[in-house]
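In what follows, chains carry the letters A, B, and so on, assigned in the order in which the sequence lines appear, proteins first and then strands, with residues in each chain numbered from 1. This one's a predicted model, so the numbers in the text were calculated from it and none came from an experiment.
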2 protein chains.
Amino acid sequence: MLFQGEFNNAIDAKGRASIPAKFRDVLSSVFGDERLMVTQNDGGLAAYPIQEWEKVLEKVKSMQASPLKDAINLALISPAVECSFDKQGRIQLSKAQRCYAGLESEIREIVVVGSINKIMIWNRAMHAEMRKHAEDLLKTEPQALYNLGF
Amino acid sequence: MLFQGEFNNAIDAKGRASIPAKFRDVLSSVFGDERLMVTQNDGGLAAYPIQEWEKVLEKVKSMQASPLKDAINLALISPAVECSFDKQGRIQLSKAQRCYAGLESEIREIVVVGSINKIMIWNRAMHAEMRKHAEDLLKTEPQALYNLGF
DNA sequence: ACACGTTTTTACACTTTGTGGGCAACTATA
DNA sequence: TATAGTTGCCCACAAAGTGTAAAAACGTGT
């Protein structure tokens with residue numbers, strides 16, 4: 001369990017998103033490298049430790065050519081940008097990234113979510129909606145949840 | 001029957017929730033480990049002994065991909081954070097957790113409820129309403145209750 | 001009902017983290 | 001070459017989290 005938990009942080013007018021200190025600690029202690037590869041996925045931004053990103057890249061490279069591989073390259077690999085932290089623990093998101101993730105100028109509220117080997121960044125309102133949908137789905141499956149031990 | 005009973009405890013201004021000593025005793029005597037994984041569920045917070053959480057995780061991991069699995073990851077797994085006790089028997093809840101559970105700054109009153117293999121934490125007012133709804137439902141099923149021996 | 005030990009709450013001081021703003025260097029454009 | 005926009009760096013303040021101590025509340029057994 002590397003990255004875990006949800007954090008209600010902010011993005012400032014310049015597009016700098018602050019990342020929880022916990023996550024930075026994981027980066028430097030586990031990976032020894034505070035850089036992140038930030039790409040766009042599923043309406044939000046996904047930030048991978050460089051090491052993890054390399055692993056993903058290898059796997060994609062070894063796929064044989066197919067429309068799926070092309071789509072992965074186009075939608076996930078190409079948009080990825082390397083980011084590092086400023087002294088206040090923030091990463092600078094590009095305009096394209098903010099645009100994709102619905103983080104336009106006035107919006108300050110984001111959620112930073114640990115997701116095992118990567119860090120997700122969402123517009124907070126969007127994330128709340130996704131969570132609501134997820135919870136509605138869970139409510140229709142009480143038995144399944146019980147069986148899983150929840 | 002591991003965790004059992006309701007306790008009207010408090011959460012302080014910094015978001016530290018005190019957990020009944022009884023539950024801590026169960027943690028150290030049964031599990032030999034006082035850490036908890038605290039996640040968000042159903043409007044409150046659910047705290048699992050690490051051992052129990054691992055079991056749940058294994059089961060979820062072994063599910064095949066599906067919308068239900070995605071919902072579980074989004075709503076239950078990702079928000080989970082490991083907590084341990086301070087010297088006064090309290091756990092620090094994150095801002096996001098308090099926000100989710102309706103435990104904003106001024107609210108001090110919580111209920112800590114034992115629920116077999118996990119500990120639930122609720123805003124006390126919210127819990128009172130849920131209980132009321134539950135009781136209303138029970139009134140519509142007197143025969144079922146009688147058959148159960150109540 | 002009382003005294004004792006345990007548990008819970010309150011209070012305060014201190015550290016860390018997060019946020020906003022200013023300034024200068026750099027880029028791209030016209 | 002001027003201009004506007006972007007990026008990085010720095011500082012300072014505010015908010016949040018951590019730790020400790022002591023008071024208050026609670027429960028137990030006598």
Side-chain angles (χ1 to χ4, degrees), chain A residues 3-29 34-36 38 47 81-100 103-114 119 121-124, chain B residues 3-29 34-36 38 45 47 81-101 103-114 119 121-124:
Chain A
F3 303 111
Q4 206 55 41
E6 289 182 6
F7 299 85
N8 290 335
N9 283 7
I11 182 171
D12 70 14
K14 295 178 183 177
R16 296 175 294 185
S18 67
I19 304 296
K22 266 195 186 179
F23 290 174
R24 266 177 286 147
D25 291 346
V26 171
L27 283 171
S28 57
S29 65
E34 294 216 336
R35 291 171 303 162
L36 290 170
V38 181
V81 180
E82 186 180 309
C83 290
S84 38
F85 288 88
D86 67 17
K87 288 197 176 164
Q88 280 74 251
R90 298 174 289 198
I91 56 176
Q92 176 74 50
L93 301 178
S94 73
K95 235 182 170 179
Q97 289 171 328
R98 280 175 273 158
C99 175
Y100 175 84
L103 298 171
E104 307 299 1
S105 37
E106 337 73 34
I107 292 175
R108 296 290 149 79
E109 303 195 320
I110 61 173
V111 187
V112 184
V113 184
I119 299 167
I121 301 172
W122 304 92
N123 171 312
R124 202 181 301 166
Chain B
F3 303 111
Q4 204 61 35
E6 287 183 10
F7 300 84
N8 289 332
N9 283 8
I11 182 171
D12 72 12
K14 305 293 178 69
R16 293 178 289 192
S18 69
I19 304 297
K22 268 194 185 180
F23 290 172
R24 263 177 288 149
D25 291 346
V26 171
L27 283 170
S28 56
S29 64
E34 295 216 336
R35 290 171 304 161
L36 290 170
V38 181
L45 302 173
V81 181
E82 186 180 307
C83 291
S84 37
F85 288 89
D86 65 16
K87 287 187 182 169
Q88 279 82 273
R90 300 174 293 190
I91 56 176
Q92 173 75 49
L93 302 178
S94 76
K95 226 182 170 187
Q97 289 172 328
R98 280 175 275 155
C99 176
Y100 175 84
L103 298 171
E104 307 299 2
S105 38
E106 336 74 34
I107 293 175
R108 296 290 149 79
E109 304 195 318
I110 61 174
V111 187
V112 184
V113 185
I119 299 167
I121 301 171
W122 303 92
N123 171 313
R124 202 180 300 166

Which one, [options], comes nearest to the side chain of [X]?
X: A/Arg24; options: C/dT9, C/dT19, C/dG18; value: C/dG18
X: B/Arg90; options: D/dG8, C/dT8, C/dT10; value: C/dT10
X: A/Asp12; options: D/dT7, D/dA15, C/dG20; value: C/dG20
X: A/Ala21; options: C/dT17, C/dT8, C/dT19; value: C/dT17

Within this structure, what is the [atom1]-to-[atom2] distance between [X] and [N], rounded to whole angstrom?
X: A/Arg108; N: D/dA15; atom1: CZ; atom2: P; result: 16 Å
X: B/Lys22; N: D/dC26; atom1: NZ; atom2: C1'; result: 13 Å
X: B/Glu109; N: C/dT9; atom1: CD; atom2: P; result: 10 Å
X: A/Ile91; N: C/dG18; atom1: CD1; atom2: C1'; result: 15 Å
X: A/Asp86; N: D/dG8; atom1: CG; atom2: P; result: 9 Å
X: A/Phe85; N: D/dC9; atom1: CZ; atom2: P; result: 14 Å
X: B/Ile19; N: C/dT7; atom1: CD1; atom2: P; result: 14 Å
X: A/Leu93; N: D/dT7; atom1: CG; atom2: C1'; result: 13 Å

For this session: Looking only at non-hydrogen atoms, find the nearest pair between B/Arg108 and B/Asp12 and report the distance.
Result: NE-C, 3.9 Å

Seminar exercise, completed: Minimal heavy-atom distance between A/Phe85 and A/Glu34, with the atoms involved, is CE1-O, 3.1 Å

Exercise. Is B/Ser18 near enough to C/dT8 that one of its side-chain N or O atoms lies under 4.0 angstrom from OP1 or OP2?
Worked result: no

Would you say the base of [N] and the side-chain of [X] have a donor-acceptor pair closer than 3.5 Å?
X: B/Gln88; N: D/dT20; result: yes
X: A/Arg16; N: D/dG8; result: no
X: A/Lys14; N: D/dT7; result: no

Exercise. Is the closest side-chain heavy-atom distance between B/Ile91 and B/Ile121 below 4.5 Å?
Worked result: yes

Exercise. Is any side-chain heavy atom of A/Asn123 closer than 4.5 Å to a side-chain heavy atom of A/Leu103?
Worked result: yes

For this session: Note down the inter-axis angle between the two ends of the helix from C/dA1-D/dT30 to C/dA30-D/dT1, five pairs each, to the nearest 10°.
Result: 40°

Has the side chain of [X] got a donor or acceptor atom that lies under 3.5 Å from a matching backbone atom of [Y]?
X: A/Asp86; Y: A/Gly89; answer: yes
X: A/Gln92; Y: A/Lys14; answer: yes
X: B/Arg35; Y: B/Glu82; answer: no

Exercise. Under the salt bridge (charged side-chain N to carboxylate O under 4.0 Å, His left out) test, which residues partner B/Glu109, sequence neighbours left out?
Worked result: B/Arg124

Exercise. Within the structure shown, what part of the strands sits under 4.0 Å from A/Asn9 by heavy-atom distance: base, sugar-phosphate, or nothing?
Worked result: sugar-phosphate

For this session: Determine the contact category for B/Ile11: base if any of its heavy atoms lies under 4.0 Å from a base atom, sugar-phosphate if only primed atoms, P, OP1 or OP2 are that close, otherwise nothing.
Result: nothing

Seminar exercise, completed: Comparing nearest nucleotides in DNA chain D, the 5'-proximal residue of the pair B/Lys87, B/Ser94 is B/Ser94

